[in-house]
Amino acid sequence: MVAQRFRTRFAPSPTGYLHVGGLRTALYNYLFVKKMKGDFVLRIEDTDRSRRVEGAQQNLLKTLEWAGIVPDESPERGGDFGPYIQSERLDIYKKYCDELLEGKYAYYCFATSEELEENRQLQLKQGLQPKYNRKWLPEEMGGSMPSSEIRKKMEQGAPYVIRMKVPDYVSVWFEDIIRGPVEFDSSTIDDQVLMKSDGFPTYHFASVIDDHLMEFTHIIRGEEWLPSMPKHLLLYEFFGWEPPRFAHLPLLLNPDRSKLSKRQGDVAVEDYIQKGYSAEAIINFVAMLGWNEGEGTEQEVYSLEQLVERFSLERVGKAGAIFNVDKLNWLEKQYIKNRSADRIIQAIKPLLIGELEKRPTEMPESVITSDSYLEQVIDLMRERVGFEHEFVTFSPYFFFDPETYEEEGVRKRWTADTNTLLREFVTILASLEVFSAEAIELELKAFVAPRGLKAAALIHPLRILCSGVSFGPSLYHMLEVLGKDAVIRRISRGIETVVCVA
RNA sequence: GGCCCCAUCGACUAGCGGUUAGGUCACCACCCUUUCAAGGUGGCGGGACGGGUUCGAAUCCCGUUGGGGUCACCA
């Protein structure tokens, strides 16, 4: 037997943003199939015309690719199994639907939605399970509707849907890769609509047809699809097709353990991108929600490549996982810590330039936008920021003179002598030929010692005057990076502004 | 409610019959330290419950409870 080529798909409907749960589903599909050197396919499920959102498809693809999950076949890339948009495959569904009709596995149903609703209410009132009452099941299929009646409706051009006829009292069984054997009884299954009255297929029908025709070997999808498995399996049986293997992923949960949804925080990948999370961190994080390497491995940080190498469906857990932002934040920091300065510079320079356009600075722009200056800032701030954009926003004093001084810091660090001391010390700084961290530290200590003061007496005020705030990187290094001119300017100006209140 | 899935620290999880139940995040303390981080050390904290099976169960089986999903001409 020839080894078959593994193929998986991610099949979202273009109704807007990419859900983080969707991203994880896509990722697992991708990891699984890439490890097996197979094909990852993007298919668009746009069989609900009313929910279609303009631009959603492009957005989905863009976000997926941002995350590094690049499909081998997709609507824009094409492939041997196209079209990859369901609305362009209507004739295919029609053909297979006719086949089902022919084989008496499906039937026309002329019930109106009002009728169905009425029926549903009635069943509910009687304490029964709401289920289609099979009013339109033809006589020759074991129902009560005479074919003459059906023909009449047809001739009138009445709108109809096509339903599958679920056989009574059969048990449907399959082996889920993640969950093991799962069994259903057909009596609990409704006669699912296959073709809607607008001529479009339902998800259930279209996905089975496409999954077969596109030759997917593994269907990896969210657990919310588990209850519709019997319908799908029955369809494979009707057609005489061998079903692919299935893996139903545990759900991503809100903090209250309900299915992850809007209203309880951000669910769109785009939201996280906008907040500044990197693709590496998001992918890493989402991969670990439900999967781990096991066998005593304690690794937490994985690259996409490593995930591809190590992933396996067998090690996906069964229980839902809460999307915990704390851990995501920690991961983001890990990535920032290890990211090359070059890459960070590339990312933040445009942000900085944008800031500079909004606000004038007394710093020499050519200096503060230079790679060498930014690299120094990155060196000092890398372990202090949570997002890349914070290299610009978290410590604006690298780019702008402070306009205000943190009140609490001043209150805490100023004494009656502070301004006098600073006035003296600034002249020393001004005389410095080499404005280096080492030199500054040396001078400061030499200045402070004979006066019986601690270095802190000057360190804190200097920081506040030069940065506006009481926290930040090593003072000496910060001053060196800011440069002699800026430091002297800031101190001199600060002394005028900050008056000791003690 | 019917059907289906699930169940180890607050969160993510390791464990696949014998472990002082391990790690990460968060939290707390201490150390380092000019501050803030980062880092280091330690701490807090867990197998829902009840029955079996077994010499021995977090681990296997059954039940209970709890949580979730799903019951559309939406996916």
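Just so it is clear: chains get the letters A, B, ... in the order the sequence lines come, proteins before strands, and each one is counted from 1.
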Practice item. Quick one: look up who B:rA21 pairs with, Watson-Crick or G-U, both distances under 3.5 Å, and put none if it's unpaired. Key: none
Point to revise | Strand partner of B:rA14, provided both Watson-Crick or wobble distances fall under 3.5 Å | key: none
Spacing of the [atom1] atoms in [M] and [N] (rounded, Å):
| N | M | atom1 | answer |
| --- | --- | --- | --- |
| B:rC3 | B:rG46 | P | 36 Å |
| B:rA58 | B:rC9 | C1' | 13 Å |
| B:rA7 | B:rG42 | P | 32 Å |
| B:rU53 | B:rC62 | P | 15 Å |
| B:rU59 | B:rU24 | C1' | 23 Å |
| B:rG45 | B:rA21 | P | 15 Å |
| B:rC28 | B:rC36 | P | 14 Å |

**Study point:** Positive for salt bridge (charged side-chain N to carboxylate O under 4.0 Å, His left out) with A:Asp191, one of A:Arg134, A:Lys131, A:Arg163, A:Lys165
**Key:** A:Arg134
Exercise for review: Nearest whole angstrom, please: distance from the P of B:rC4 to the CG of A:Leu251.
Suggested key: 18 Å
Please work out if [X] contacts a base, only the sugar-phosphate, or nothing of the nucleic acid, heavy-atom cut-off 4.0 Å.
| X | result |
| --- | --- |
| A:Val385 | nothing |
| A:Ala321 | sugar-phosphate |
| A:Phe323 | nothing |
| A:Gly222 | nothing |
| A:Arg463 | base |
| A:Lys337 | sugar-phosphate |
| A:Glu183 | sugar-phosphate |
| A:Lys454 | nothing |
| A:Leu475 | base |
| A:Ala319 | sugar-phosphate |

Practice item. Take A:Leu42 and A:Arg9 through the side chain to side chain contact (heavy atoms under 4.5 Å, CB included) test and state the conclusion after the steps. Key: CA-CA 6 Å; A:Leu42 176 69; A:Arg9 39 138 267 199; over 6 Å; no
Check your understanding: Where does B:rG47 fall, syn or anti, if syn means a chi angle no more than 90° from 0?
Key -> syn
**Study point:** Pair A:Arg43 + A:Asp211: basic N to acidic O under 4.0 Å
**Key:** yes
Review point. Do the side chain of A:Glu298 and the base of B:rG22 come within less than 3.5 angstrom through a donor-acceptor pair of N or O atoms?
Key: no
Check your understanding: Would you say the base of B:rC5 and the side-chain of A:Arg179 have a donor-acceptor pair closer than 3.5 Å?
Key -> no
Practice item. May I ask you to check whether over 12 heavy atoms, not counting those of A:Glu183, lie within 6.0 Å of atom CD? Key: yes
Review point. More than 12 non-hydrogen atoms from neighbouring residues, nucleotides or ligands closer than 6.0 Å to CD on A:Glu118, yes or no?
Key: no
Hey, would you say the [X] and [Y] ring centroids sit under 6.0 Å apart?
| X | Y | result |
| --- | --- | --- |
| A:Tyr335 | A:Trp330 | no |
| A:Phe323 | A:Phe285 | yes |
| A:Tyr28 | A:Trp291 | no |
| A:Phe246 | A:Phe216 | no |

Review point. With respect to the phosphate group of B:rG15, does any side-chain polar atom (N or O) of A:Arg315 fall under 4.0 Å of OP1 or OP2?
Key: yes
Exercise for review: Look at A:Arg24 and B:rC12 and indicate whether a side-chain polar atom (N or O) is within less than 4.0 Å of OP1 or OP2.
Suggested key: no
Report, one pair per line, the protein and nucleotides 72-75 of chain B atoms (nitrogen or oxygen only) whose separation is under 3.5 Å.
| residue | atom | partner | partner atom | Å |
| --- | --- | --- | --- | --- |
| B:rC73 | O2 | A:Ser197 | N | 2.8 |
| B:rC73 | O2 | A:Ser197 | OG | 2.6 |
| B:rC73 | N3 | A:Ser197 | OG | 3.1 |
| B:rC73 | N4 | A:Ala111 | O | 3.2 |
| B:rC74 | OP2 | A:Lys196 | NZ | 3.0 |
| B:rC74 | O2' | A:Asp48 | OD2 | 3.0 |
| B:rC74 | O2' | A:Arg51 | NE | 3.3 |
| B:rC74 | O2' | A:Arg51 | NH2 | 3.4 |
| B:rA75 | OP1 | A:Thr47 | OG1 | 2.8 |
| B:rA75 | OP1 | A:Lys196 | NZ | 2.6 |
| B:rA75 | OP2 | A:Tyr203 | N | 3.2 |
| B:rA75 | O3' | A:Glu45 | OE1 | 3.0 |
| B:rA75 | O2' | A:Ser13 | OG | 3.1 |

Review point. Which listed nucleotide (B:rA11, B:rC4, B:rU34) is nearest to the side chain of A:Phe184?
Key: B:rC4
Exercise for review: Ignoring the backbone of A:Gln129, work out which of B:rC5, B:rC3, B:rG2 is nearest its side chain.
Suggested key: B:rG2
